[in-house]
Amino acid sequence: MFHIALFGVILLTSLRPMADDEPLLHVMLQGDSAASMRSLAETHGGKLTHYLPIINAVGAELTRAQLDAVLASDDVQRHIDDLALNDQPDGPEEPADTCDVAGSVEIVRGNDGFEWYLYNKGDHAAQLTELEISWPEALGAIRSIRLGEKVLPSSAWETQAAQNAHIKLQPESAPGLNNRQALDVRFTSPVADTPLQSDYHVVAHFGAECQTKLLPGYPENNTDFYYSTVTGAEQLHIHGVKGGGVTVAVLDSGLWDHPALTLDSTGKNRVLARYDAIGDSEHEGVFDESGHGTHLTSVIAHSEQTFRQGKASGGYKGIAPDSSIVAIKAFNETGQGGMLDIVRGLQWAVDNREKYQIRVLNLSFAARPRWPYYLDPINQAVMRAWAAGITVIAAAGNEGPENMTVGSPGNLPYIITVGAVTDSWTADTREDDYIPDFSSRGPTPAAHIKPDIVAPGGHITGITRPGSSLTRDNPEYALPGGEFVMTGSSQAAAVVSGLVALLLQLEPELSPDDVKCKLLGTAEPAINADGLLAYSPFTQGQGYVNLSRAITLGERGCGNQQLDLSRDMALQEHFEGPAIIDSQGNISLPGLADMLATEATEKGYSEDRVWGVKGHIERLPESYRPPLNHPFPWQEMYELERQKIEELSKPD
């Protein structure tokens, strides 16, 4: 079974016993038609669980003897009697995490100090042993520190410097942290302007091997979800482009019926349908026990306005606040989802594409590929969704930084696979935007370059259902106003799904291949000052997604040019990408050694790395001339784009 987690997906398996303890195998049977497979399974006493004509298959429960009888028929072209990936080699063993302490993502700020909620998820009290604090000089000296009801002795810090303190507590004065308690720090000189969270530096130590660090935070995280601004979506909102008339299907863990999700920006109901692929029902609802699907839907379509300093910006919290939503549930409370349930959800989306005008399908899950891309049952269904005119956006996965960690269905060459960028908590600059280690890297087993693009995926604010497994397991990610912060390529994929909805509102005639052409052809790669790539294409794909460039400079006709979807679906021809693996196992591309910087780029601020050809050329001195045989004609590309924009700017 697939399993969604905050940072990835794994697969599990189970056997179902019969009344007499004879185990039932849950299998997939594939042949010329789903009807023939159903007849064969039922003839031999099997119980049908899934009817999947989208891939000419069924799911069925059979005993081993029944399965052997079924497989004696030449009609079965393929069967899978282990629907989990438990035959995969074990990955590197993770070190045991003995620290059960976490700090909330946001503090409660005051003009004389702050409250920072700390969480102990373990069974025993955690003793606070050290505290590192720095603060704005205007606040004066520390007046008091309290953890829960325990007041720390002033002797622990009174000899410390004016703007910072490293407090070491003796065992008799060290307070214990149980469950949820506030670390309350107050200073002697209240100020008129409340300091920002980023003005403080706090590290709380609970022994030598356990600590939690205060994150910088955003100034107005509950009223301003920054990603609509940095992706260019807000500018389109201001001009009335909010995804209206475009339906996005989210295949995930369901949907919480919050007004910001069920209603568009005008108050109109925009959830067109709900389908439970686990129970095969359109009538039982898609209650979101996990909370993951609700958060993704919030990123795509949250319809509340953005406010800055109390004033409406003209934009909205979600990328496409007026898009219509179809919620497909294939994952349960613990994030587990069966492969056949996922295929059934895809089947339903394709079957109902015209009824609900589904144009975009978000797939924010990933699993290590088990089969070639064209034999993966989920990928087979996804290919048919793409062929039906649905633009499919998939998460790359969160298993980086090693190569070949992009999961399925993101390994499918036809669709748009998205990796993550983080902004280091500074939404107003891209100088410290970088690709975090967790974002999965390519190539795929078939040597294709993945991800295709990268998008914001670090600490993405949204809403999710209170009491969901996400909020129970990760209370530190909840903001004081009830919003919830998540990180991962799942969120990056949702950002792109929203951007595609905006693009399709402007150009509804675009095919999925054209959407891919526009987004990939205008993405902004990370470039060093010497003109070499800061990241490999296996890490950044074509670069950072830029919707404004896609609208103004994007072209059609270049998506999936080297592939043939119809022949691939018919199992007549399959396609390999350009990646090369040498005799030592090193992965490369033709000419990559000349195109890629030799040193890894910084995590965080960089004076060397910029995103995009425009940013690269315009930072160079006028006297700069690229060396002969430079691998990238950045100057020529810049001039061509400038000329095109000038032509577009001319009055008709």
Open item on the list: Is it the case that over 12 heavy atoms from other parts of the model lie below 6.0 angstrom from the CD atom of Gln309?
Closed with: no

Open item on the list: Is the ring pair His574/Tyr374 parallel, tilted or perpendicular, if the boundaries are 30 and 60 degrees?
Closed with: parallel

TODO: Output yes when a side-chain donor or acceptor of Arg609 lies under 3.5 Å from a complementary backbone atom of Glu602, and no otherwise.
DONE: yes

Open item on the list: So does His283 get a backbone contact from the side chain of Ser281, meaning a donor-acceptor N/O pair under 3.5 Å?
Closed with: yes

Open item on the list: Under a 3.5 Å threshold, yes or no: a donor from one side chain and an acceptor from the other, between Glu234 and Ser313?
Closed with: yes

- [ ] May I have the step-by-step check of side-chain contact (heavy atoms from CB on, under 4.5 Å) for Leu363 and Leu346, ending in yes or no?
- [x] CA-CA 10 Å; Leu363 303 179; Leu346 294 167; 4.1 Å; yes

Open item on the list: For the CD1 atom of Ile342 and the CD1 atom of Ile328, what is their distance to the nearest 0.5 Å?
Closed with: 11.5 Å

TODO: Might you confirm whether atom NZ of Lys603 has over 12 heavy atoms from other residues, nucleotides or ligands at distances under 6.0 Å?
DONE: no

Open item on the list: Looking at Phe287, is its backbone amide N or carbonyl O close enough to the side chain of Lys329 to form a donor-acceptor pair, meaning the two atoms are under 3.5 Å apart?
Closed with: yes

Open item on the list: Test: ring pair (Phe, Tyr, Trp, His ring centres under 6.0 Å). Region: residues 293-318. Which pairs qualify, not counting sequence neighbours?
Closed with: Phe225-His302, His237-Tyr316

Open item on the list: When you compare the side chain of Leu296 with that of Asn362, does any pair of heavy atoms fall below 4.5 Å?
Closed with: yes

Open item on the list: Can you confirm whether Asn269 sits close enough to Val271 that some side-chain heavy atom of one is under 4.5 Å from a side-chain heavy atom of the other?
Closed with: yes

- [ ] Look only at the side chain of Ser228 and the backbone of Gly318, and say whether a donor-acceptor pair between them is shorter than 3.5 Å.
- [x] yes

Open item on the list: Can you tell me how far apart CD (Glu304) and CG (Leu261) are? Round to the nearest 0.5 Å.
Closed with: 9.0 Å

Open item on the list: Please find the pair of heavy atoms, one from Asp322 and one from Ser265, that lie closest to each other, and give the distance.
Closed with: OD1-OG, 2.7 Å

TODO: Check the side chains of Asp514 and Ser511 for a donor-acceptor pair under 3.5 angstrom, ignoring hydrogens and angles.
DONE: yes

Open item on the list: Strictly distance-based, threshold 3.5 Å: is any side-chain N or O of Asp252 a donor or acceptor partner for the main-chain N or O of Gly293?
Closed with: yes

TODO: Quick one: sort the Tyr218 and Trp425 rings into parallel, tilted or perpendicular, breaks at 30° and 60°.
DONE: tilted

Open item on the list: Does any part of the side chain of Leu236, heavy atoms only, come nearer than 4.5 Å to the side chain of Gln505, both counted from C-beta?
Closed with: no

Open item on the list: With a 3.5 Å distance limit and no angle check, can you tell me whether Thr294 reaches the backbone of Trp256 through a side-chain donor-acceptor pair?
Closed with: yes

- [ ] Quick one: closest heavy-atom pair of Pro451 and Val418, and the distance?
- [x] CB-C, 4.1 Å

Open item on the list: Using 0.5 Å steps for rounding, measure from the CD1 atom of Ile463 to the NZ atom of Lys317.
Closed with: 8.5 Å

TODO: Assign the ring pair Tyr373 / His448 to parallel, tilted or perpendicular, where the plane angle (0 to 90°) is split at 30° and 60°.
DONE: perpendicular

Open item on the list: Between Ile551 and Leu503, is there a side-chain heavy-atom distance shorter than 4.5 Å?
Closed with: yes

TODO: Indicate the atoms forming the closest heavy-atom contact of Ala320 with Ser323, along with that distance.
DONE: O-OG, 2.8 Å

- [ ] Drop me the distance from Leu533's CG to Met595's CE, to the nearest 0.5 angstrom.
- [x] 6.5 Å

- [ ] For residues His459 and Val105, determine if any side-chain heavy atom of one lies less than 4.5 Å from a side-chain heavy atom of the other.
- [x] no

Task: Contact check, side chains of Tyr535 and Pro525, non-hydrogen atoms, under 4.5 Å - done: no

- [ ] Let me see the working for Asp423 and Asp433 under side-chain contact (heavy atoms from CB on, under 4.5 Å), right down to the final yes or no.
- [x] CA-CA 4 Å; Asp423 69 352; Asp433 291 12; 3.3 Å; yes

TODO: Give a yes or no on whether the backbone of Tyr356 and the side-chain of Thr247 come within a donor-acceptor separation of less than 3.5 Å.
DONE: yes

Open item on the list: Taking side chain to side chain donor-acceptor pair (under 3.5 Å) as the criterion, tell me which of Asp376, Asn379, Thr444 meets it with Asn411.
Closed with: Asn379

Open item on the list: Nearest 0.5 angstrom please: Asn221 CG to Tyr226 OH, how far?
Closed with: 9.0 Å

- [ ] Check the surroundings of atom CD in Glu639: do more than 12 heavy atoms from other residues, nucleotides or ligands lie under 6.0 Å from it?
- [x] yes

- [ ] State whether the side chain of Trp634 and the backbone N or O of Ile527 hold a donor-acceptor pair below 3.5 Å, judged by distance alone.
- [x] no

Open item on the list: Take a 6.0 Å sphere around CD of Glu509 and say whether it holds more than 12 heavy atoms from other residues, nucleotides or ligands.
Closed with: yes

Task: Close side-chain approach of Thr471 and Tyr477, heavy atoms under 4.5 Å - done: no

Open item on the list: For the CG atom of Asp564 and the CE atom of Met569, what is their distance to the nearest 0.5 Å?
Closed with: 9.0 Å

Open item on the list: Tell me if a side-chain donor or acceptor on Tyr227 pairs with a main-chain N or O of Thr461 at a distance below 3.5 Å.
Closed with: yes

Task: More than 12 heavy atoms of other groups within 6.0 Å of Glu507 CD - done: yes

Open item on the list: Are more than 12 heavy atoms, taken from residues, nucleotides or ligands other than Glu354, located less than 6.0 Å from that residue's CD atom?
Closed with: no

TODO: Mind running side-chain contact (heavy atoms from CB on, under 4.5 Å) on Met486 and Leu470 for me, showing each step along the way?
DONE: CA-CA 10 Å; Met486 293 186 68; Leu470 280 177; 3.7 Å; yes

TODO: Quick one: list whatever passes salt bridge (charged side-chain N to carboxylate O under 4.0 Å, His left out) with Asp224, sequence neighbours left out.
DONE: Arg308

Open item on the list: Using side-chain heavy atoms (C-beta onward) and a distance below 4.5 Å, is Ile435 in contact with Arg441?
Closed with: yes

Open item on the list: With side chain to side chain donor-acceptor pair (under 3.5 Å) as the test, pick out the partner of Asn398 among Ser490, Ser489, Ser440.
Closed with: Ser489

Task: NZ/NE/NH1/NH2 to OD/OE distance under 4.0 Å, Arg344 and Asp341 - done: yes

Task: Distance-minimising heavy-atom pair for Ile55 and Ala381 - done: CG2-N, 3.7 Å

- [ ] Check the pair Phe538 / Ile449 against side-chain contact (heavy atoms from CB on, under 4.5 Å), numbers first and verdict last.
- [x] CA-CA 6 Å; Phe538 300 133; Ile449 297 173; 3.8 Å; yes

TODO: Could you give me the CA-CA distance, side-chain angles and deciding distance for Asp264 and Thr266, then say whether side-chain hydrogen bond (donor to acceptor under 3.5 Å, both in side chains) is met?
DONE: CA-CA 5 Å; Asp264 66 17; Thr266 68; 2.7 Å; yes

Open item on the list: Taking the six-membered ring for Trp, are Tyr275 and Trp348 closer than 6.0 Å centroid to centroid?
Closed with: yes

Task: Positive for salt bridge (Lys or Arg N to Asp or Glu O under 4.0 Å) with Asp257, one of Arg270, Arg465, Arg274 - done: Arg274

TODO: Carefully, step by step, assess Trp386 and Tyr414 under the rule ring-ring contact (aromatic ring centres under 6.0 Å, His included).
DONE: CA-CA 8 Å; Trp386 190 271; Tyr414 297 94; 7.7 Å; no

Open item on the list: With salt bridge (Lys or Arg N to Asp or Glu O under 4.0 Å) as the rule and sequence neighbours excluded, what pairs involving residues 492-503 come up?
Closed with: none

TODO: Would you confirm whether Ser303, through its side chain, and Ala260, through its main-chain N or O, come within 3.5 Å as a donor-acceptor pair?
DONE: yes

TODO: Output yes when Asp351 and Arg353 qualify as a salt bridge under the 4.0 Å nitrogen-oxygen rule, no when they do not.
DONE: no

